[in-house]
Amino acid sequence: MMRRFIYLTLALISFGIGGGLFLAAGLPERADYTAFSVPGETRTVAPEIGKLAPPFESVTLTGDPLNLWDLRGETIILNFWATWCVPCRVEMPDLQQIHGDNVRVIAVNLGESPAQIQTWVDDLSLTFDIVLDANSQIAERYWFRAPPSTYVIDPDGVIRAIFYGPVTASQLRDAIAN
């Protein structure tokens, strides 16, 4: 009986010490795993709220080059989508609605053919930038999970909100205002 008491007491002491060490050390920051450095930039970038948005260069559906960091000074809504994604189709009118009004929408398509994309763009009368991500390089930089995924990026290039799943114009306006 005494032996059980000693073992139980030692186990509780060990548990207490371990818990104390855990609380003192804390958990690692997610950015320690998702962040990376960019040449010429003193801060790291990461696809997380409060961090600089990962830069990318690509071409739009119309063949124009687009460099995210060249757009600093503008509020950006960065949306990842695909034509086979039903929730993506549902949110596109809201993205079109918020495009303009000092907000630039950039919709990154996930590896589909330009012809397939163009049919969809024409059907929905979309006028914002459609970026092609044929090799998933942009999606990888943003640790893409599933479409639709939307990032609100402030004029300084910092991510202010992230939405996984369909988003409304009202939600985006609220995220921009905060």
Side-chain angles (χ1 to χ4, degrees), residues 30-31 33-36 38 44-72 74-155 157-178:
R30 184 169 180 244
Y33 301 99
T34 62
F36 57 96
V38 176
T44 59
V45 299
E48 298 178 29
I49 295 172
K51 298 287 184 184
L52 283 174
F56 64 84
E57 292 181 44
S58 189
V59 294
T60 65
L61 185 60
T62 58
D64 298 320
L66 189 138
N67 181 326
L68 182 66
W69 278 15
D70 287 348
L71 303 178
R72 284 197 182 168
E74 298 181 52
T75 298
I76 304 292
I77 304 297
L78 183 65
N79 176 265
F80 290 88
W81 67 283
T83 61
W84 50 262
C85 168
V86 174
C88 297
R89 186 174 190 91
V90 169
E91 75 177 359
M92 284 294 160
D94 285 271
L95 293 173
Q96 182 61 51
Q97 180 184 346
I98 199 164
H99 179 64
D101 301 339
N102 298 318
V103 176
R104 185 166 182 173
V105 174
I106 299 171
V108 178
N109 179 267
L110 300 166
E112 296 176 292
S113 75
Q116 196 174 9
I117 298 166
Q118 190 63 57
T119 300
W120 218 61
V121 168
D122 292 343
D123 185 44
L124 294 169
S125 303
L126 303 177
T127 61
F128 47 78
D129 294 308
I130 306 293
V131 171
L132 306 177
D133 191 19
N135 298 322
S136 300
Q137 293 175 346
I138 301 168
E140 285 178 19
R141 285 193 162 212
Y142 281 80
W143 289 63
F144 175 72
R145 295 177 183 187
S149 294
T150 306
Y151 297 77
V152 177
I153 304 170
D154 73 13
V158 175
I159 296 172
R160 293 297 171 202
I162 301 172
F163 297 92
Y164 299 111
V167 66
T168 66
S170 175
Q171 288 173 306
L172 293 170
R173 282 189 190 97
D174 288 347
I176 291 167
N178 292 329

Within 45 degrees of the axis of the six-membered ring of Trp143 and under 6.0 Å from its centre: does Arg145 put its NZ or CZ there?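 No - Arg145 does not lie over the ring of Trp143 by the 6.0 Å and 45° rule.
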
If you take all heavy atoms of [X] and [Y], which pair is closest and at what distance?
X      : Y      : answer
Ala169 : Asp94  : N-OD1, 3.0 Å
Ala175 : Val152 : CB-CG2, 4.0 Å
Leu110 : Pro147 : CD1-CB, 4.0 Å

Is any side-chain heavy atom of [Y] closer than 4.5 Å to one of [X]?
X      : Y      : result
Ile106 : Asn79  : no
Leu172 : Val103 : no
Met92  : Asp123 : no
Leu66  : Ser58  : no
Ile98  : Ile176 : yes
Glu91  : Thr150 : yes
Glu112 : Trp120 : no
Leu78  : Val108 : yes

Enumerate the residue pairs fulfilling disulfide bond (SG atoms under 2.5 Å apart) with a member in residues 80-139, sequence neighbours excluded, ordered by first and then second residue.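 Sorted result for residues 80-139: Cys85-Cys88.
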
Once disulfide bond (SG atoms under 2.5 Å apart) is applied, what residue pairs with a partner in residues 96-143 remain, sequence neighbours excluded?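 Those involving residues 96-143 do not exist here.
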
Are a donor atom and an acceptor atom from the side chains of Thr62 and Thr60 found within less than 3.5 Å of each other?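 Thr60 and Thr62 do have a side-chain donor-acceptor pair below 3.5 Å.
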
Do you see a donor-acceptor pair shorter than 3.5 Å between the side chains of Gln116 and Asn109?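 Not at all, the side chains of Gln116 and Asn109 share no donor-acceptor pair under 3.5 Å.
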
Backbone N or O of [Y] within a donor-acceptor pair of the [X] side chain at under 3.5 Å?
X      : Y      : answer
Trp69  : Ala53  : yes
Tyr142 : Pro54  : yes
Arg160 : Asn178 : no
Glu57  : Pro65  : no

Between side-chain atoms of residues 128-138 and protein atoms elsewhere (two or more places apart, or another chain), which donor-acceptor pairs fall under 3.5 Å?
| unit_1 | atom_1 | unit_2 | atom_2 | d |
| --- | --- | --- | --- | --- |
| Asp129 | OD2 | Arg104 | NE | 2.8 |
| Asp129 | OD2 | Arg104 | NH2 | 2.8 |
| Asp133 | OD1 | Ser136 | N | 3.4 |
| Asp133 | OD1 | Gln137 | N | 3.0 |
| Asp133 | OD1 | Ile138 | N | 3.1 |
| Asp133 | OD2 | Ile138 | N | 3.3 |
| Asp133 | OD2 | Ala139 | N | 2.9 |

Rounded at 0.5 Å granularity, tell me how far [atom1] in [X] sits from [atom2] in [Y].
X      : Y      : atom1 : atom2 : result
Thr119 : Leu124 : OG1   : CG    : 11.0 Å
Lys51  : Ile153 : NZ    : CD1   : 15.0 Å
Arg141 : Phe56  : CZ    : CZ    : 10.0 Å

Tell me, with the steps shown, if Phe163 and Thr168 meet side-chain contact (heavy atoms from CB on, under 4.5 Å). CA-CA 10 Å; Phe163 297 92; Thr168 66; over 6 Å; no

Parallel, tilted or perpendicular: which describes the rings of Tyr151 and Phe80, with under 30° parallel and over 60° perpendicular?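 The arrangement is perpendicular - the two ring planes meet at more than 60°.
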
Around atom CG of Asn102, are there more than 12 heavy atoms of other residues, nucleotides or ligands at under 6.0 Å?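 Open.
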
